[in-house]
**Q** 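I have a structure I would like to understand better, so I am pasting it below and will then ask my questions one at a time.
Every chain is numbered from 1, with letters handed out A, B, ... down the list of sequences. From a predicted model like this one, the values you see are computed outputs, not experimental measurements.
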Protein chains: 2
Amino acid sequence: MNIGDVANQTGLPAKTIRYYEDIGLVKPLRDDNGYRRFRSQDVHKLNFLGRARALGFTIEDCRTLMALYEDETRASADVKKVARAHMAQIEAKIADLNAMRDTLSHLIDACAGDDRPDCPILQDLGGKA
Amino acid sequence: MNIGDVANQTGLPAKTIRYYEDIGLVKPLRDDNGYRRFRSQDVHKLNFLGRARALGFTIEDCRTLMALYEDETRASADVKKVARAHMAQIEAKIADLNAMRDTLSHLIDACAGDDRPDCPILQDLGGKA
DNA sequence: ATGGGGGTTCCAGTCACGGGAAGGTCAAGA
DNA sequence: TCTTGACCTTCCCGTGACTGGAACCCCCAT
């Protein structure tokens, strides 16, 4: 399979696939004309990567997870540890965003949103007073 | 005030303050020795920027908000519009993160986390089967 | 004169790609 | 056979909002 077919199958942009090769996540073969030739195991890896990325894992996490995936003697505890650390990050981010949303929500509610200049949003940003 | 004092007062790193000058958000004066000299209005602006950034507004949003802040003839509707657009982005991100968290949570719960290799997390990433 | 704690500029790196240029390759149709 | 157009290749730059670090200047106290 050429890169375009793989892009179609996996839903990953060709650019992304080339990038993943660049950083050593996949190692497709090469045809005589220089085109990348992807075996089914390459496609499988790319699907794995796509799913892991969709769950928000960093590339480095993906590298780790892939290594565990291919290591038959892994301990599931190691996988779980990576996943838990990642979930902690996600939850921290959610908490941050929720705080922002709450503040913004209050400010937006308090703002008339008409053609007059008075604006509690700007007042707050300007240091309240 | 020199940049270090301003950094202390605003809580912004000196690097960030220089960056903000670079991109034209603040325009401190210069002493003869080349040092930046910040007036109180500069400090005020930087505090404004710090708060806006803490609410997650992009730098471009900050630029817009600052312009509105300094425009006495602004309409609060314009401010509200910016804030609402930003809140929509935040909510979209929260939704994404919640979806990830839910999926991750399930997978983590299903994983024994012991020294055996069987792992539903990797199974899922590998395409379930 | 020396030391230390300011300040300055500029360059490179972050993260995970995306855009676009310049050019090679291939299969199909006129 | 020639040409068209859809592929593919590499390479370099840009993204956002900084952060780290090098190399250097300035000022005050000892």
**Q** Name the nucleic acid region contacted by B/Ile23, choosing base, sugar-phosphate or nothing; use a 4.0 angstrom heavy-atom cut-off, strictly under.
**A** nothing
**Q** For residues A/Pro120 and A/Asp124, determine if any side-chain heavy atom of one lies less than 4.5 Å from a side-chain heavy atom of the other.
**A**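 Not touching, per the 4.5 Å side-chain cut-off.
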**Q** Apply the test salt bridge (charged side-chain N to carboxylate O under 4.0 Å, His left out) to residues B/Glu21 and B/Arg18: give CA-CA distance (whole Å), side-chain angles for both, the deciding distance (0.1 Å), then the verdict.
**A** CA-CA 5 Å; B/Glu21 185 192 14; B/Arg18 289 193 196 99; over 6 Å; no
**Q** Where each residue is assigned the nucleotide of DNA chain C containing its nearest heavy atom, which of B/Asp5 and A/Glu60 is assigned the position nearer the 5′ end?
**A**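 By nearest-heavy-atom nucleotide position, the 5'-most residue is B/Asp5.
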**Q** Can you check whether B/Gly4's main-chain N or O pairs, donor with acceptor, with B/Asn2's side chain at less than 3.5 Å?
**A** no
**Q** Identify the heavy atoms of B/Val79 and A/Cys119 that sit nearest to each other, and give their distance.
**A** CG1-SG, 3.5 Å
**Q** Name the first nucleotide and the last nucleotide along DNA chain D (5' to 3') that come under 4.0 Å of a heavy atom in chain A.
**A**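 Result: D/dC7 to D/dC11.
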**Q** What do the steps show when you test A/Asp42 against A/Arg39 for salt bridge (charged side-chain N to carboxylate O under 4.0 Å, His left out), and what is the final call?
**A** CA-CA 5 Å; A/Asp42 297 319; A/Arg39 293 153 295 175; 3.2 Å; yes
**Q** Between A/Leu49 and A/Thr16, is any pair of side-chain heavy atoms under 4.5 Å apart?
**A** no
**Q** Walk me through it: do B/Tyr69 and B/His44 pass the test side-chain contact (heavy atoms from CB on, under 4.5 Å)?
**A** CA-CA 12 Å; B/Tyr69 186 57; B/His44 191 74; 2.9 Å; yes
**Q** Any heavy-atom pair between the side chains of A/Arg53 and A/Tyr20 that's under 4.5 Å?
**A** yes
**Q** Please name the pair of heavy atoms, one in A/His86 and one in A/Phe57, separated by the smallest distance, quoted to 0.1 Å.
**A** NE2-N, 3.4 Å
**Q** Return yes when atom CZ of A/Arg63 has more than 12 non-hydrogen atoms of other residues, nucleotides or ligands closer than 6.0 Å, and no otherwise.
**A**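 Counting other residues, nucleotides and ligands, CZ of A/Arg63 exceeds 12 neighbours.
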**Q** Do A/Ile121 and B/Val82 have side chains that get closer than 4.5 Å, going by heavy atoms?
**A** no
**Q** Determine the contact category for A/Arg53: base if any of its heavy atoms lies under 4.0 Å from a base atom, sugar-phosphate if only primed atoms, P, OP1 or OP2 are that close, otherwise nothing.
**A**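 Here A/Arg53 touches the backbone only, sparing every base.
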**Q** Going 5' to 3' along DNA chain C, which nucleotides are the first and last within contact of chain B (any atom under 4.0 Å from a heavy atom)?
**A**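 Answer, 5' to 3': C/dG6 to C/dC10.
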**Q** Using a cut-off of strictly less than 4.0 Å between a heavy atom of the residue and any atom of DNA chain C, enumerate the qualifying residues of residues 37-51 of chain B by number.
**A** none
**Q** Return whichever of B/Tyr20 or B/Lys15 has its heavy-atom-nearest nucleotide of DNA chain D closer to the 5' end.
**A**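 By nearest-heavy-atom nucleotide position, the 5'-most residue is B/Tyr20.
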**Q** Determine the contact category for A/Arg18: base if any of its heavy atoms lies under 4.0 Å from a base atom, sugar-phosphate if only primed atoms, P, OP1 or OP2 are that close, otherwise nothing.
**A**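 The residue A/Arg18 makes base contact.
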